[in-house]
Amino acid sequence: MNPIFTTTRTLLEPDTYIYIGWAFFIVLTILTGLLWRKSKRRWLKYAVAAPLLFFWLVFIYGSYIGVNELRVRHIELTFDDLPEAFDGYKIVQFSDAHVGTLTGSRLKLLEDAVDSINAQKADMVVFTGDLQNKIPSEVLHVDKILKRIKAKDGIFSVIGNHDYPMYFKGNEYEKYDSMNVRAAWDDELGWDLLVNERRTIRRGKEKILIAGMDNDGDGKRFPQNGDLQETLYGVTRQDFVVMLEHDPTSWCRKILPHSHTQLTLSGHTHGGQFSILGWSPASLAFHETYGLYKLNGRYLYVTSGLSGVVPFRFGIPAEIAVITLRKSKNNK
């Protein structure tokens with residue numbers, strides 16, 4: 001194997017980021033100690049030491065405590081055009097598992113997440129992309145855990161940017177094979193992978209559609225393979241559509257202006273994995289960073305996901321989103 005590739009891959013392993021963090025803060029602490037000894041200005045000593053102490057606490061908490069926190073968030077959404085038979089329909093969303101990071105003690109987070117998902121007794125479970133970090137073999141150590149997920153109408157999933165073979169170097173055949181193996185994992189797990197397609201969910205004579213669009217990023221840093229026309233082929237204006245799309249930027253760019261989709265569920269941002277006083281650095285890159293967004297009666301929910309390539313969370317824990325659909329009382 002190419003030594004440069006091997007070195008790069010090692011450097012990008014999740015725990016490597018923690019070691020780099022320790023090294024960085026130790027060096028910074030030593031430099032601060034030298035400044036403390038040499039400087040005669042007390043205000044300067046504290047001006048340097050106080051922020052360092054704060055960031056030490058953030059680093060340790062985020063790397064060893066926050067990264068293992070999980071919350072279940074309940075959201076109730078009301079629609080005028082929801083079929084009456086689906087009033088109270090419960091969808092559980094989880095996203096961005098990044099199972100290559102969920103090893104060792106962090107594996108308990110995934111076990112707790114699966115237990116929380118099943119405890120909701122959902123009508124439908126959806127996974128909105130990024131099952132792996134780089135390669136499909138990462139799923140091998142968690143497949144039995146993920147197979148435990150159950151829902152009345154099934155588990156539906158879509159592809160995220162990390163599910164593409166873009167984060168490791170290989171020849172074109174290896175990349176093609178990697179994509180096939182990644183897609184095969186959904187079948188092995190009992191998930192229905194939606195790649196620019198849709199399924200019909202029925203309650204008596206009424207129905208809703210669950211649609212899944214391929215990753216639809218900016219086309220530069222992230223794959224832009226979403227085909228909205230193909231995804232919603234044959235769908236009429238009278239149909240109620242729940243759209244799964246990994247990248248939330250597609251909502252304003254494509255889904256809102258070119259469809260009537262009532263509810264879109266996304267992930268990708270991880271909520272920035274860091275938030276303080278309600279602000280996250282992810283807001284510098286994404287308009288729809290985390291939470292619920294509404295425009296003209298149509299909704300987007302962006303979940304913070306379960307994990308990430310970097311095992312760190314501060315102020316924005318992993319989550320399971322429980323979304324209950326309601327029929328507007330004025331239209332019953």
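Just the heavy atoms: all of them, side chains too, but no hydrogens, waters or symmetry mates, feed the values below. Numbers here simply count residues along the sequence, with the first being 1.
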Sidechain N-carboxylate O distance under 4.0 Å for [X], [Y]:
{"X": "K147", "Y": "E188", "answer": "yes"}
{"X": "D153", "Y": "R203", "answer": "yes"}
{"X": "D81", "Y": "K327", "answer": "no"}

**Study point:** Partners passing salt bridge (charged side-chain N to carboxylate O under 4.0 Å, His left out) against D218 (at least two apart in sequence or in another chain)
**Key:**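 D218 satisfies salt bridge (charged side-chain N to carboxylate O under 4.0 Å, His left out) with no other residue.
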**Message:** Checking D130 now: which residues fulfil salt bridge (charged side-chain N to carboxylate O under 4.0 Å, His left out) with it, not counting sequence neighbours?
**Reply:**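 Here no residue qualifies.
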Do [X] and [Y] come within less than 4.5 Å of each other through their side chains, counting heavy atoms only?
{"X": "M213", "Y": "V158", "value": "no"}
{"X": "R298", "Y": "F79", "value": "no"}
{"X": "M243", "Y": "L232", "value": "yes"}
{"X": "C252", "Y": "E288", "value": "yes"}
{"X": "I18", "Y": "Y64", "value": "yes"}
{"X": "L70", "Y": "L306", "value": "yes"}
{"X": "T269", "Y": "P248", "value": "yes"}
{"X": "L194", "Y": "I159", "value": "no"}

**CA sep, side-chain torsions, deciding dist, call: R106, D15, salt bridge (Lys or Arg N to Asp or Glu O under 4.0 Å)** = CA-CA 11 Å; R106 292 190 295 267; D15 286 322; 3.1 Å; yes
Check whether the side chains of [X] and [Y] place a donor and an acceptor atom closer than 3.5 Å, and report yes or no.
{"X": "S283", "Y": "W279", "value": "yes"}
{"X": "Y301", "Y": "R73", "value": "yes"}
{"X": "W56", "Y": "T29", "value": "yes"}
{"X": "H270", "Y": "D96", "value": "yes"}
{"X": "E319", "Y": "T303", "value": "yes"}
{"X": "T128", "Y": "S95", "value": "yes"}
{"X": "S105", "Y": "N68", "value": "no"}
{"X": "D239", "Y": "T236", "value": "yes"}

Geometric class of the H162/H98 ring pair [parallel <30°, tilted 30-60°, perpendicular >60°] |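 H98 and H162: perpendicular rings.
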Are [X] and [Y] grouped together when hydrophobic residues (ILVMFWY) are joined by side-chain heavy atoms under 4.5 angstrom apart?
{"X": "I26", "Y": "F59", "result": "yes"}
{"X": "F240", "Y": "L295", "result": "no"}
{"X": "I320", "Y": "V114", "result": "yes"}
{"X": "I149", "Y": "V322", "result": "yes"}

**Q.** Output field: ring centroids F222/H268 closer than 6.0 Å
**A.**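 Yes, the ring centres sit under 6.0 Å apart.
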Residues pairing under side-chain hydrogen bond (donor to acceptor under 3.5 Å, both in side chains) where one sits in residues 220-230, two or more places apart or in two chains, turn out to be Y164-N225
Please check: side-chain N/O of [X] versus main-chain N/O of [Y], any donor-acceptor pairing under 3.5 Å?
{"X": "E138", "Y": "N133", "answer": "yes"}
{"X": "K152", "Y": "A122", "answer": "no"}
{"X": "R253", "Y": "G217", "answer": "yes"}
{"X": "Q262", "Y": "L82", "answer": "no"}
{"X": "T101", "Y": "G308", "answer": "yes"}
{"X": "K121", "Y": "K90", "answer": "no"}
{"X": "D192", "Y": "S157", "answer": "no"}

So salt bridge (Lys or Arg N to Asp or Glu O under 4.0 Å) across residues 273-286, not counting sequence neighbours, yields none
The side-chain contact (heavy atoms from CB on, under 4.5 Å) partner of V126 among V92, I210, I323 is I210
Out of D123, I208, V242, which residue meets the side-chain contact (heavy atoms from CB on, under 4.5 Å) rule with I201?
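Of all the options given, the one that passes is I208.
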Any residue meeting ring-ring contact (aromatic ring centres under 6.0 Å, His included) with Y61, in chain and number order, not counting sequence neighbours
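Listed in chain order: F314.
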Item to complete: For residues 200-221, pull every pair meeting ring-ring contact (aromatic ring centres under 6.0 Å, His included), keeping only residues two or more places apart or in separate chains.
Response: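 Of all non-adjacent pairs touching residues 200-221, none passes ring-ring contact (aromatic ring centres under 6.0 Å, His included).
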